[in-house]
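Just so you know, these numbers use all the heavy atoms, side chains as well, and skip hydrogens, waters and symmetry mates. Below, chain A is the first sequence line, B the second, and so on; all start at residue 1.
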There are 2 protein chains.
Amino acid sequence: MEKHSKKRDAIYDIICSTKSHPSAEWVYTQVKEIHPDISLGTVYRNIARFKEEGKIITVGVVNGQERIDGDTSDHCHFVCTHCGAVIDAGAPDVTDTYSQVFKDIGCTPERHNLVFYGRCHDCTGKRS
Amino acid sequence: MEKHSKKRDAIYDIICSTKSHPSAEWVYTQVKEIHPDISLGTVYRNIARFKEEGKIITVGVVNGQERIDGDTSDHCHFVCTHCGAVIDAGAPDVTDTYSQVFKDIGCTPERHNLVFYGRCHDCTGKRS
DNA sequence: TCAGTAATAAGAACCGTTACTGATTTACGA
DNA sequence: TCGTAAATCAGTAACGGTTCTTATTACTGA
């Protein structure tokens, strides 16, 4: 019997309504506009729950903060090393390429994460 | 003019002499056997330096700890979600596949990181 | 030897995240 | 619409990996 929670729904809605691949902190500030009494712990707790339920995925850690994605479809990401933006970058099909490799080392891959690093469109050409 | 440092050399040697893709903590305990007065801060500082110099790369964050690799050649990794082991998994050739994607979104990738997750050979079939 | 500079040890500070506790909200049957 | 139990939450303390600070030490060239 899964109980519903307005705050949990709000957290999930905000995660799914953005393509910015947000951090917990960002989600927290956004939910706070709707539920000013929300706690950062609630955001973390529900993000962990969504991950366990497979409703969201983690993109990776950028500048020490974990970034999440409400889009669980098979796709990879581009991380700007200058401004920290995380951008969708299409769907890979690399698993087949590596099937023999994993047979050799006896590993059973369940998922993978392909991340490119570089400068995003806005940061290309910037000085510092 | 790069100055000589026995401890820095020891840190680098240990990183390069293992294929375990260690954490800073692991490197610290290893260097401590040679230099008992080594400081954890020194390990972190020199790891950061090696990264800047391009002498090592970071594999990713496993269980909250950053894992590094002295092998800077083009290859990807397998992370065991059960025991946390990081294993080399051959060389990818995915950049070409994505060249058009990056033209579309205007990003200039410099490097990438492909990580597979699952159970390693030893952990396949284990219960908990 | 000496001055100047880089590297270091020790530990405090930092910061994202997690755990805990008591209060509040939710689902659901009466 | 109530009452009740379980789920959820706010607030906050604690945790742990990493970074920063400061005093000290080691190295280099003169």
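At a cut-off of 3.5 angstrom, the base of C/dA7 holds no donor-acceptor pair with the side chain of B/S5.
The interatomic distance linking B/Q65 (CD) with C/dT17 (P) rounds to 15 Å, in whole Å. The distance from atom CD1 of B/I68 to atom P of D/dG17 is 15 Å, rounded to the nearest whole Å. If you measure from atom CG of A/D9 to atom C1' of C/dT26, you get 12 Å, rounded to the nearest angstrom. When the C1' atom of D/dC9 is taken as reference, atom NZ of A/K32 falls 14 Å away, rounded to whole Å. In this structure, A/D37 places its CG atom 10 Å from C1' of C/dT24, rounding to the nearest Å. In this structure, the CG atom of A/N46 is 15 Å from the P atom of C/dT17, given to the nearest Å. Remark: P of D/dT12 and OH of A/Y28 are 11 Å apart, rounded to the nearest angstrom. The CG atom of A/L40 sits 18 Å away from the P atom of D/dA14 (whole-angstrom rounding).
Contact annotation for A/E25: no contact, since no heavy-atom pair falls under 4.0 Å across all strands.
If you check D/dC15 for Watson-Crick or wobble pairing at under 3.5 angstrom, you find it paired to C/dG16.
Checked against C/dT8, D/dG11, C/dA27, the side chain of A/S39 finds its nearest nucleotide in D/dG11. Comparing atom distances between the A/A24 side chain and each of C/dT17, D/dA10, C/dT8 picks out C/dT17 as nearest. In the set C/dT26, D/dT8, C/dA7, the nucleotide with an atom closest to the side chain of A/R8 is D/dT8. Across C/dT26, C/dT8, C/dT17, the shortest atom-to-atom separation from the side chain of B/T42 is found for C/dT8.
Applying the 4.0 Å criterion to OP1 and OP2 of D/dG17, one finds that B/N63 has every side-chain N and O outside that range. Phosphate contact (OP1/OP2 of C/dT18, side-chain N/O of A/R45, threshold under 4.0 Å): absent. One finds a side-chain N or O of B/K7 lying less than 4.0 angstrom from the OP1 or OP2 phosphate oxygen of C/dA9. When the side-chain nitrogen and oxygen atoms of A/Y44 are compared with OP1 and OP2 of C/dT17, one or more of them lie within a distance under 4.0 Å.
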Side chain to side chain donor-acceptor pair (under 3.5 Å) evaluation trace for A/D122 with A/H82: CA-CA 10 Å; A/D122 293 345; A/H82 188 248; over 6 Å; no
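A donor atom on one side chain and an acceptor atom on the other are found under 3.5 Å apart for A/H77 and A/D69.
Between A/D37 and A/K7 there is a salt bridge, since at least one side-chain N of the basic residue sits less than 4.0 Å from a carboxylate O of the acidic one.
A chain of hydrophobic side-chain contacts below 4.5 Å, direct or via other Ile, Leu, Val, Met, Phe, Trp or Tyr residues, connects A/Y28 to A/F50.
DNA chain D is contacted by both B/K6 and B/G64; B/G64 maps to the nucleotide lying nearer its 5′ end (nearest heavy atom per residue).
Interatomic distance, CH2 of B/W26 versus OG of B/S20, reported as 4.5 Å (0.5 Å rounding).
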